[in-house]
Structures are given as C-alpha cells and as structure tokens.
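Take a look at the structure below.
Numbering of residues begins at 1 and proceeds along the displayed sequence.
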Amino acid sequence: MWKFIIHQNLETKIDYVLKAADGRVILQSRTYSSDNACRKGIASVTRNSHTLNLEDHTGPGPVKPVKHPKYEIYRDSAGRVYFQLKASNGQVVGISDGYNSKEECLAGIKELRANGPSAVVED
C-alpha cells in the first residue's frame with residue numbers, strides 16, 4: 001500500500017513524504033506552515049498524479065511547454081534525473097529523489113500515476 005507520511009518538526013513546520021509499498025520514498029513535499037495546508041498538498045497529489053502531461057527539461061533543445069497539471073523532468077549537476085509534480089495552479093506539490101537514468105525516472109512517474117491517486121494518509 002502506498003502512503004503519505006506527515007512529519008511535524010519542533011518548529012511546527014509540516015511536510016510529507018509519499019512512500020511506495022516497498023518503503024521507497026517516491027515524492028517529498030515542500031514545508032507547510034499548517035496541518036491543513038499540508039493535507040491540501042496531499043489532496044493535490046492524489047488529484048493530479050494521474051496526469052499524462054510531461055515536460056522534459058533534460059534534452060539539449062528548447063523545452064516544449066505543456067499545460068498544468070504536469071510532471072517536469074530535470075537533470076541535476078551530478079547527472080541524476082528527478083521529477084517534480086505541478087498542480088493545475090502551477091504550484092510544485094512534490095519532488096522526487098534523484099534517479100540514475102531518465103528511464104528510471106520515467107518508471108517512477110509511471111508508478112506514481114498508477115498508485116498516487118489511491119495512496120492513504122498516515123499521521
């Protein structure tokens with residue numbers, strides 16, 4: 001079972017991670033100032049993770065923009081590939097860890113599309 005795990009630190013900042021059934025972290029959130037805002041972010045992931053829209057920023061040529069909600073793929077300075085999920089309003093609602101290849105990153109997106117909408121929340 002896929003699950004969102006909500007964390008609250010000592011400064012009352014709240015975030016979440018989305019874990020796959022095998023315990024891998026698939027997506028991490030930004031920091032929220034309230035539990036309610038964090039839960040809205042989770043709801044946005046479950047609502048938008050099924051999207052097929054994909055914007056690839058890893059290639060040499062210009063990027064072809066696609067509409068929100070969408071996944072955006074990037075390559076970091078170490079050469080690892082990661083994605084971020086943007087909601088219909090354009091806000092980033094989650095960022096993946098780095099993958100060793102673009103193929104692995106696309107497989108992670110495929111998993112999130114299939115399992116994100118039904119993930120449960122664990123406090």
Side-chain angles (χ1 to χ4, degrees):
M1 174 186 314
W2 281 45
K3 57 186 170 183
F4 291 95
I5 300 172
I6 297 174
H7 300 105
Q8 184 168 355
N9 68 21
L10 297 176
E11 299 171 2
T12 69
K13 299 294 183 185
I14 301 170
D15 63 12
Y16 65 82
V17 295
L18 174 59
K19 288 190 174 187
D22 63 5
R24 288 176 298 129
V25 173
I26 302 298
L27 203 65
Q28 301 174 72
S29 74
R30 63 181 181 84
T31 302
Y32 295 94
S33 60
S34 71
D35 183 73
N36 185 49
C38 183
R39 290 178 188 278
K40 284 181 179 180
I42 289 171
S44 183
V45 172
T46 59
R47 195 172 48 251
N48 293 298
S49 59
H50 71 280
T51 184
L52 297 177
N53 297 332
L54 179 68
E55 193 172 282
D56 189 348
H57 294 257
T58 64
V63 174
K64 181 182 176 190
V66 297
K67 68 178 187 162
H68 296 97
K70 65 182 172 184
Y71 289 95
E72 294 178 338
I73 302 175
Y74 295 91
R75 187 175 309 277
D76 66 19
S77 59
R80 294 180 54 88
V81 182
Y82 68 96
F83 67 85
Q84 58 185 22
L85 175 60
K86 285 191 169 180
S88 55
N89 64 3
Q91 284 192 322
V92 175
V93 292
I95 300 174
S96 75
D97 284 340
Y99 294 89
N100 292 323
S101 69
K102 185 174 173 181
E103 291 74 25
E104 288 179 7
C105 183
L106 291 171
I109 291 172
K110 184 177 179 182
E111 284 187 284
L112 180 53
R113 284 177 175 148
N115 297 290
S118 61
V120 297
V121 177
E122 181 178 287
D123 292 297

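- Ser96 approaches Leu27 most closely through the heavy-atom pair N-CD1, 4.0 Å.
- Classified by interplanar angle (parallel below 30°, tilted 30° to 60°, perpendicular above 60°), the ring pair Tyr71/Phe83 is perpendicular.
- The residue from Lys70, Lys67, Lys86 that alone fulfils the salt bridge (charged side-chain N to carboxylate O under 4.0 Å, His left out) condition with Glu55 is Lys70.
- The salt bridge (Lys or Arg N to Asp or Glu O under 4.0 Å) contacts involving residues 92-109 comprise Asp56-Lys102, where partners must be two or more places apart or lie in separate chains.
- With Thr46 contributing its side chain and Ala43 its backbone, the two residues share a donor-acceptor pair below 3.5 Å.
- The two atoms that bring Phe4 and Ala119 nearest to each other are CE1-CB, 3.5 Å, heavy atoms only.
- The line from CD of Gln91 to OG of Ser44 is 8.0 Å long, rounded to the nearest 0.5 Å.
- Going from atom SG of Cys38 over to atom CZ of Arg30 covers 9.0 Å, rounded to the nearest 0.5 Å.
- In terms of heavy-atom proximity, Ser88 sits nearest to Asn48 at N-OD1, 4.0 Å.
- Hydrophobic clustering, defined by side-chain heavy atoms of Ile, Leu, Val, Met, Phe, Trp and Tyr closer than 4.5 Å, groups Val17 together with Ile5, Val25.
- The closest donor-acceptor contact from the side chain of Asn53 to the backbone of Pro69 lies under 3.5 Å.
- Across Arg39 and Val121, no two heavy atoms sit closer than the pair NH1-CG1, 3.6 Å.
- Once rounded to the nearest 0.5 Å, the distance linking CG of Asn100 with SG of Cys105 reads 11.0 Å.
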**Report entry** Evaluation steps, side-chain contact (heavy atoms from CB on, under 4.5 Å), between Leu112 and Trp2
**Finding:** CA-CA 9 Å; Leu112 180 53; Trp2 281 45; 4.0 Å; yes
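- Thr31 places none of its side-chain heavy atoms less than 4.5 Å from the side chain of Ile14.
- Looking at heavy atoms from C-beta onward, Ile95 lies in side-chain contact with Tyr82 at the 4.5 angstrom threshold.
- We find the CD1-CD1 distance between Ile109 and Ile26 to be 11.0 Å, quoted to the nearest 0.5 Å.
- Counting only heavy atoms from C-beta outward, the side chains of Leu85 and Ser49 approach each other to under 4.5 Å.
- Pairing each heavy atom of Ala21 with each of Met1, the nearest pair is CB-N, 3.3 Å.
- The side-chain heavy atoms of Ile73 and Gln84, taken from C-beta on, include no pair separated by under 4.5 Å.
- Nearest heavy atoms, Tyr16 versus Ile42: CD2-CG1, 3.6 Å.
- A distance of 4.0 Å separates CD in Glu122 from NZ in Lys3, rounded to the nearest 0.5 Å.
- Atom CG of residue Leu54 and atom CD of residue Glu72 lie 9.5 Å apart, to the nearest 0.5 angstrom.
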